[in-house]
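Take a look at the structure set out below.
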Amino acid sequence: MEQIGFIGLGIMGKPMARNLLRAGFPLTVYTRNQATVAEFVEQGAKGARNPREVAEQSTVVITMLPDSPEVQEVALGPNGVIEGIKPGSLFIDMSTIDPAVARAVHAAFAERQVEALDAPVSGGQIGAEQGTLSIMVGGSEAAFERARPIFQVLGKNITHVGGPGAGQVAKACNQMVVALTIQAVAEALTLAARAGVDPARVRQALLGGFAHSRILEVHGQRMLENAFTPGFRARLHRKDLRIALNLGREFATPLPATAHVATLFDSLIANGGAELDHAALALVYRTLTGEGTTATEHSATA
Ligand code: NAD
C-alpha cells in the first residue's frame, strides 16, 4: 500500500486527508498550523516538521495549498518535498495553480526520477468532506493509473485530461463557468426581489429545470440567507480568474465575460470581502442596484 504524505490542511486539505486516513492509508502530514498536525496525530497519522520530512516518509506526496508561490516553495524550496522524495515516488499537486508552474514542477521532479500529476479539484468543501470531488488530472497515463485508488477515495468524477498542466487548464475553465454562474444567479435573484417576487420561490422554481445548477442550489441558498462564511474564499476565486485571463492572453482568446466578473471580484475584495465565500459576489451586484449591504458592512456584522 502507498505511504501517503499530505501537505496543506486547510478547508479542502483537512477533509481530504481525513478521508485517506479513514480509508486505511498510512499518512504523514504537515501544514503551517501545528495544532492541525497534532489533531491528525491524535487520529493516527504521523506528523512532520517540514515538507522534506513528509517526503522522506512517503511513496506518494499530495499538496493542497493556496496558490502557485506556495506550491513552488513547498515542492521545490529549501526543506521542500524535492529534498526528501525518493526516486520512483509520485508527487500530486491538487491545489489550483498556474499551468506553467505545474509544468515546471513536473519537469523538476522528472529530473529526480519522480513522476508528477497536477490534479486540481472541484466540488468545494462539501465534495471534499463527502469524497465526491471532481478531479481533473494532467500527467502521464502510468502516473494517473498509479494514483487512481487514491483519487477514488477523494472523488467521483475522475478524468485524465491530458499531459502535464492539462488538469490546471481544465480547472481554469471550471472556475470561469462557476464565477459567471454565481454572477448570473446573483442577478436573477436580485431582479426577482426588485420585481416584487419572492427570490426563494424563484430559486425553487428554477431547480430541476434547464437553469438548474449546484451553484443555484448551494450559492443561491447562501445568497438568500446572507451566509458568506467560506466555503471558497473570494480571494482564491479571483486568483483562479487571473490564471484563466493569463491563459486567454497566452492563447489570444478573448474572455470578455470572465474579465468582467473578475473586476466585480476586485470590487468585492477592495471592499473587505477577500475572506468571504465567493457567493458574496452577490453583495457587489446588490450595491450596484442599491439593494442590501456592502461587503464592508457585511464583514463588520458577520
Ligand atoms: P485554505 O486557505 O483553507 O488552505 C490552505 C492551507 O495551506 C492552509 O491550511 C495553510 O496553512 C496551508 N499552507 C499555506 N502555505 C503553506 C506552506 N508554505 N506550507 C505548509 N502549509 C501551507 O485553502 P483551501 O480552500 O483549502 O484551498 C486549497 C486549494 O484548493 C486552493 O488552490 C484553492 O483554490 C483550491 N480549491 C478550493 C476549493 C474550496 O471550495 N475551498 C474548491 C476547489 C479547489
Side-chain angles (χ1 to χ4, degrees), residues 1-2 4-25 27 29 58-68 70-71 74-75 81 89-99 101-103 105-106 109 114-179 181 213-215 218 231-232 236-237 239-240 243-244 247 278:
M1 195 176 220
E2 303 280 10
I4 300 183
F6 204 108
I7 303 170
L9 303 168
I11 289 177
M12 296 296 284
K14 210 169 168 179
M16 290 165 72
R18 203 178 293 125
N19 285 338
L20 291 169
L21 198 57
R22 285 197 188 127
F25 283 103
L27 190 71
V29 296
S58 312
T59 55
V60 176
V61 178
I62 301 174
T63 45
M64 194 52 171
L65 298 159
D67 196 356
S68 305
E70 289 85 1
V71 172
V74 164
V81 173
S89 303
L90 177 62
F91 175 76
I92 309 174
D93 177 40
M94 303 192 76
S95 332
T96 305
I97 66 165
D98 205 304
V101 174
R103 285 193 294 272
V105 168
H106 278 255
F109 279 107
V114 171
E115 282 227 75
L117 292 170
D118 48 294
V121 304
S122 176
Q125 186 179 11
I126 301 170
E129 285 165 0
Q130 297 180 344
T132 55
L133 293 167
S134 287
I135 309 178
M136 312 156 204
V137 190
S140 77
E141 186 70 42
F144 176 73
E145 286 308 327
R146 178 173 177 184
R148 192 192 286 276
I150 297 168
F151 289 152
Q152 281 169 340
V153 172
L154 303 174
K156 286 274 174 285
N157 180 24
I158 302 157
T159 309
H160 185 208
V161 184
Q168 295 296 353
V169 173
K171 176 65 183 179
C173 296
N174 183 85
Q175 293 305 81
M176 292 162 61
V177 174
V178 173
T181 310
S213 68
R214 284 286 288 158
I215 292 156
V218 177
F232 185 47
L236 290 179
H237 204 151
K239 172 254 314 179
D240 297 347
I243 293 169
L247 276 173
H278 56 165

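These numbers come from the heavy atoms of this one structure, side chains and all, not from hydrogens, waters or symmetry mates. Along the sequence shown, residues carry numbers from 1. For clarity, every value in this text was computed on a predicted model and none was experimentally measured.
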Sorted by chain and residue number, the side chain to side chain donor-acceptor pair (under 3.5 Å) partners of Thr181 (sequence neighbours excluded) come out as none

Residues passing the salt bridge (Lys or Arg N to Asp or Glu O under 4.0 Å) test with Glu145, sequence neighbours excluded, are Arg148

Looking only at heavy atoms, the pair that brings Ser68 and Asp98 closest together is OG-N, 3.1 Å

- Item | Side chain to side chain, Val60 and Phe25, heavy atoms closer than 4.5 Å | no

Residue pairs meeting ring-ring contact (aromatic ring centres under 6.0 Å, His included), one or both in residues 123-146, sequence neighbours left out, come to Phe144-His160

The side chain to side chain donor-acceptor pair (under 3.5 Å) partners of Thr132 (sequence neighbours excluded) come to none

Donor-acceptor check, side chain of His278 to backbone of Ala179, threshold 3.5 angstrom: yes or no? no

Ala166 meets the side-chain contact (heavy atoms from CB on, under 4.5 Å) criterion, sequence neighbours left out, with Val161

Ala172 meets the side-chain contact (heavy atoms from CB on, under 4.5 Å) criterion, sequence neighbours left out, with Ile243, Ala244, Leu247

Quiz item: Do Val105 and Asp93 have side-chain heavy atoms sitting under 4.5 Å apart?
Solution: no

side-chain contact (heavy atoms from CB on, under 4.5 Å) filter on Glu70, not counting sequence neighbours, yields Leu65, Pro66, Asp67

Across all chains, not counting sequence neighbours, the side chain to side chain donor-acceptor pair (under 3.5 Å) partners of Glu2 are Thr59, Arg146

Here the pair of heavy atoms bringing Gly24 nearest to Met1 is O-SD, 3.5 Å

Is any side-chain heavy atom of Val29 closer than 4.5 Å to a side-chain heavy atom of Leu21? no

For Ala119, the side-chain contact (heavy atoms from CB on, under 4.5 Å) test, sequence neighbours excluded, returns Ile92, Met94, Ile135, Val137, Phe151

Rounding to 0.5 Å, atoms CD1 (Ile62) and CG (Leu90) come to a distance of 8.5 Å

Sorted by chain and residue number, the ring-ring contact (aromatic ring centres under 6.0 Å, His included) partners of His106 (sequence neighbours excluded) come out as none

In terms of heavy-atom contacts, Ala102 and Gln168 come closest through CB-CG, 3.9 Å

Nearest heavy-atom approach of Ser122 to Asn174 is OG-ND2, 3.3 Å

Here the pair of heavy atoms bringing Ser89 nearest to Ser58 is OG-O, 4.0 Å

* Go through the steps for Ser140 and Glu115 under the test side chain to side chain donor-acceptor pair (under 3.5 Å), then give the verdict. => CA-CA 8 Å; Ser140 77; Glu115 282 227 75; 2.9 Å; yes

- Query: Are the side chain of Asp118 and the backbone N or O of Gly165 linked by a donor-acceptor pair below 3.5 Å?
  - Reply: yes

Across all chains, not counting sequence neighbours, the ring-ring contact (aromatic ring centres under 6.0 Å, His included) partners of Phe109 are Phe91

For residues 7-25, the salt bridge (charged side-chain N to carboxylate O under 4.0 Å, His left out) pairs (sequence neighbours left out) are Lys14-Glu39

